[in-house]
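Structure, as structure tokens:
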Amino acid sequence: MTDKKVTLTLQDNASVELDVMQGTLGQDVVDVRTLGNHGLFTFDPGFTSTASCESKITFIDGDEGILLHRGFPISELATHSNYLEVCYILLNGEAPTQAQFEEFRTTVTRHTMIHEQITRLFHGFRRDSHPMAVMCGVTGALAAFYHDSLDVNIERHREIAAFRLLSKMPTMAAMCYKYSIGQPFVYPRNDLSYAGNFLHMMFATPCEEYKVNPVLERAMDRILILHADHEQNASTSTVRTAGSSGANPFACIAAGIASLWGPAHGGANEATLRMLEEISTVEHIPEFVRRAKDKNDSFRLMGFGHRVYKNYDPRATVMRETCHEVLNELGMKDDLLEVAMELEHIALNDPYFIERKLYPNVDFYSGIILKAMGIPSSMFTVIFAMARTVGWIAHWKEMHDEGMKIARPRQLYTGYTERPFTSALKK
Ligand code: SDX
């Protein structure tokens with residue numbers, strides 16, 4: 001808290017003094033919690049100017065294009081760390097010692113199998129179900145199997161549920177893919193890395209040995225790091241809201257998956273690839289850029305723009321480098337990458353995008369890398385959900401550790417005033 005205050009002058013010239021709270025980084029916030037006592041609410045649909053909570057996990061500076069996880073810059077984590085170490089940092093606040101990391105990695109590794117009966121849940125879905133629909137369903141259903149870690153008021157239950165979710169999301173994600181192509185599920189292997197195990201469960205078959213390509217393993221690990229957490233985005237806010245009612249962790253994460261699925265959020269990577277495929281050649285780009293600027297056309301450039309970043313998304317920079325590494329390793333020349341690079345160049349020099357500070361975001365390049373790895377676009381947001389699970393859990397855990405009130409926003413009511421009811425129905 002600071003000793004700074006703001007004074008609000010009300011209609012009847014009365015004034016209200018509100019405290020200004022200051023964080024370690026970023027904007028100060030006006031504490032409006034007492035405003036209701038003066039008969040006023042704040043109005044902020046979409047929460048463009050609202051801090052919904054206090055957090056120590058991730059800091060974003062949209063103007064400077066800065067992203068810190070517990071103070072560590074994302075570019076340094078993506079270059080020098082690995083996903084499980086980043087998970088430890090997000091969940092515990094500090095980088096692990098070697099011994100702490102080994103214990104953490106062993107715990108995660110030893111919980112990657114799912115209850116054998118859960119595999120039958122997959123068979124209740126059509127083979128052509130969108131994998132995100134399956135992930136929503138199966139993740140929520142974990143609460144039906146793991147009764148012993150559902151009391152959110154017990155810290156040990158919260159810890160067990162966190163490890164179960166972190167460990168089992170890759171297994172369930174790979175099962176979504178295997179089920180969709182009619183191949184048998186592949187069990188997790190304890191001798192592989194988190195990213196390597198996921199690739200093995202995605203692409204191994206009983207017919208021959210599948211060797212994980214170390215370049216693809218590193219690229220997948222980096223994609224997971226870049227998607228791990230991102231402050232109070234829509235899906236994380238959904239998890240916090242669900243968790244504020246005391247809902248069990250599996251239900252909260254299922255709610256986060258549902259929110260992430262939207263094309264304005266985590267579904268943008270799949271939508272970006274579909275857009276690049278629809279554009280298909282560099283010659284078609286001007287028409288699509290025209291449409292993106294046309295207010296009467298609902299088309300938007302997927303993978304561009306961000307509520308917070310009004311500068312280059314620092315994750316997009318790393319994703320772009322990774323994209324080139326993977327395509328070079330695979331000896332692939334991807335026409336879509338050519339379209340993406342030209343689209344980026346055109347948009348970054350177009351006044352419409354410059355004025356609105358619309359830059360490529362994390363979703364712009366990830367789809368091209370995942371497609372080059374042989375992963376279908378329907379699985380892109382599933383991989384985003386798998387990576388973001390640790391961020392959702394970290395915020396859910398922080399909310400419980402700090403103590404919380406149920407999230408219950410108010411509204412500006414513009415409906416009917418009271419009126420008598422007369423039914424027109426025949427008695
Ligand atoms: C993610 O919040 C997070 O942190 C999310 C995320 C995370 O890690 O959790 O970073 C992941 O969701 C990244 C964003 C992925 N979404 C997309 O790529 C979809 C395309 N982008 C847009 O839908 C949009 O940019 C949003 C939703 C991302 C942000 O929208 P805002 O902040 O609500 O901004 P806005 O819609 O008010 O747009 C401001 C202006 C408008 O024009 P004007 O009315 O001022 O004339 O910019 C225009 C918009 O029309 N605009 C675009 C555009 N994005 C915004 N015009 C064309 N193409 C776009 N992509």
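Source: prediction; values computed, not measured. Order of listing sets the numbers, starting from 1, for every ligand and every atom in it.
- Distances from atom 50 (O) of ligand 1 to the heavy atoms of R315, K310, R300 show the closest one on R300.
- Side-chain N/O atoms of E217 and S193 include a donor and acceptor closer than 3.5 Å.
- Residue G303 places at least one N or O, backbone or side chain, under 3.5 Å from an N or O of ligand 1.
- Side-chain contact check for E344 and Y365: at least one donor-acceptor pair (N or O, by modelled atom type) lies under 3.5 Å.
- A salt bridge links E102 and R105; the closest N-O separation between the charged side-chain nitrogens and carboxylate oxygens is under 4.0 Å.
- Looking from atom 42 (O) of ligand 1 to the surrounding protein, the closest heavy atom is R356 NE, 3.4 Å.
- Side chains of E329 and H324: a donor-acceptor N/O pair is absent below 3.5 angstrom, by distance only.
- Ranked by closest heavy atom to atom 59 (C) of ligand 1, the top entry among T272, V308, L301 is L301.
- Across the listed options K295, K293, M275, K295 owns the non-hydrogen atom lying nearest to atom 46 (O) of ligand 1.
- Heavy-atom proximity to R307, at under 4.0 Å, picks out these atoms of ligand 1: 29 (C), 31 (P), 32 (O), 33 (O).
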side-chain hydrogen bond (donor to acceptor under 3.5 Å, both in side chains) between D44 and S49, intermediate numbers included:
CA-CA 7 Å; D44 186 16; S49 304; 4.6 Å; no
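- A salt bridge is defined here as a Lys NZ or Arg NE, NH1 or NH2 lying under 4.0 Å from an Asp or Glu carboxylate O, and R291 with D294 fails to meet this definition.
- Any N or O atom pair closer than 3.5 Å counts here, and V362 shares no such pair with ligand 1.
- In terms of polar-atom proximity, defined here as any N/O pair under 3.5 Å, D363 makes no such contact with ligand 1.
- In this structure, atom 1 (C) of ligand 1 is in close contact with the protein, since a protein heavy atom lies within 4.0 Å of it.
- Protein heavy atoms are absent from the space less than 4.0 angstrom from atom 37 (O) of ligand 1.
- At the shortest separation from atom 6 (C) of ligand 1 among protein heavy atoms lies H306 NE2, 3.6 Å.
- Using a 4.0 Å threshold on non-hydrogen atoms, atom 26 (C) of ligand 1 does not count as touching the protein.
- Using a 4.0 Å threshold on non-hydrogen atoms, atom 33 (O) of ligand 1 counts as touching the protein.
- Judged by distance alone, the side chains of E398 and S55 do bring a donor and an acceptor atom under 3.5 Å apart.
- Geometrically, ligand 1 and D313 share no nitrogen or oxygen pair separated by less than 3.5 Å.
- Under 4.0 angstrom from ligand 1, the non-hydrogen atoms of R388 all belong to its side chain.
- Not a single N or O atom of L358, backbone or side chain, sits closer than 3.5 Å to an N or O atom of ligand 1.
- Using the six-membered ring where Trp is involved, Y177 and F203 have ring planes that are perpendicular, over 60° apart on the 30 and 60° scheme.
- Between F384 and H227, the angle of the ring planes goes over 60°, which puts this pair in the perpendicular group of the 30/60° scheme.
- The closest non-hydrogen atom to atom 21 (N) of ligand 1, taken over F364, F304, Y352, comes from F304.
- In summary, of the residues considered (I57, I225, L90), a side-chain contact (heavy atoms from CB on, under 4.5 Å) with H69 occurs for L90 alone.
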